[in-house]
Structures are given as structure tokens and as C-alpha cells.
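As a basis for the values below, the full set of heavy atoms in this structure was taken, side chains included, without hydrogen atoms, waters or symmetry mates.
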Amino acid sequence: MTVHEEYVAVISERYGQIKNESYEMGGYYSCVSLAPEQYKVEASMLAFVKNHPDASLKEVCDYFGEITPVGLAPGDDGADLWED
């Protein structure tokens with residue numbers, strides 16, 4: 001099983017039943033289920049959910065926000081923005 005497959009399985013199993021509880025939960029679920037692959041942080045997210053089995057969906061989403069660069073598109077490390 002790949003990191004992607006394992007991560008998606010954990011998120012779906014743990015949080016899939018609450019994604020339709022509210023608009024807010026739907027947003028958190030969409031964020032944590034789709035964005036980590038695009039930003040190439042699924043391995044870190046998988047480690048987080050494994051190490052924090054009781055984390056709420058919001059806590060998982062907050063962690064994603066902590067490890068993802070603000071204002072950069074997926075795959076962009078911002079190197080072109082730095083001046084020597």
C-alpha cells in the first residue's frame with residue numbers, strides 16, 4: 001500500500017462519517033483528503049494521524065496549515081521569490 005492509499009484510507013475511515021455534519025466539517029474534510037497530495041506532504045500528514053489517533057478533523061486540518069507554505073501553489077517552493 002502506498003503512502004497515498006494508506007493516508008486516504010485512514011482519513012476516510014476516521015472522518016468520512018462526519019464530513020456531512022456541517023459546511024465547516026465538509027471543508028475540513030476536503031482540505032485534509034485532497035490538499036496533502038497536491039502539496040506533497042502526505043507522508044507528514046500520515047505520520048501525524050498515526051501519532052495522534054484521537055485528533056479531531058479540525059486538528060488535522062490545522063496541522064496541514066502549519067506544514068504547508070502560506071501563499072504558494074502546490075509544488076512551488078518559492079525559490080524564485082528569493083533574491084541573493
task: Give a yes or no on whether Val49 and Ile67 share a hydrophobic cluster (residues Ile, Leu, Val, Met, Phe, Trp, Tyr; joining criterion: side-chain heavy atoms under 4.5 Å apart).
output: yes
message: Checking Glu37 now: which residues fulfil side-chain contact (heavy atoms from CB on, under 4.5 Å) with it, not counting sequence neighbours?
response: His4, Glu42
- line: Those residues at least two apart in sequence (or on a different chain) that pass side chain to side chain donor-acceptor pair (under 3.5 Å) with Tyr63 are none
task: Report yes if some heavy atom in the side chain of Met45 is under 4.5 Å from a heavy atom in the side chain of Val60; otherwise report no.
output: yes
task: Quickly, which of Ser30, Ser56, Cys31 forms a side chain to side chain contact (heavy atoms under 4.5 Å, CB included) with Cys61? Name it, please.
output: Cys31
- prompt: Does some side-chain heavy atom of Val10 sit less than 4.5 Å from a side-chain heavy atom of Tyr15?
  reply: no
- prompt: Tell me the salt bridge (Lys or Arg N to Asp or Glu O under 4.0 Å) pairs involving residues 26-36, sequence neighbours left out?
  reply: none
field: Atom CD of Gln17: over 12 foreign heavy atoms under 6.0 Å
entry: yes
field: Student check: side-chain heavy atoms of Tyr7 and Ser12 closer than 4.5 Å
entry: no
Beyond-backbone contact of Phe64 with Tyr39, side-chain heavy atoms, under 4.5 angstrom: yes
- prompt: For Lys40, which residues count as a salt bridge (charged side-chain N to carboxylate O under 4.0 Å, His left out) partner, sequence neighbours excluded?
  reply: none
- prompt: Is Phe48 reachable from Ile18 through a run of hydrophobic residues whose side-chain heavy atoms are each under 4.5 Å from the next?
  reply: yes
task: Any pair with a residue in residues 45-59 that passes salt bridge (Lys or Arg N to Asp or Glu O under 4.0 Å), sequence neighbours left out, goes on the list, sorted by first then second residue, please.
output: Glu6-Lys50, Lys58-Asp62
- request: With rounding to the nearest 0.5 Å, note down the distance linking CG in Leu57 to OH in Tyr28.
  value: 8.0 Å
- request: Specify the closest pair of heavy atoms between Gly16 and Lys19, including all atoms of both residues, with the distance to one decimal.
  value: O-CG, 3.3 Å
message: Under the rule for side chain to side chain donor-acceptor pair (under 3.5 Å), what residues qualify as partners of Glu21, not counting sequence neighbours?
response: none
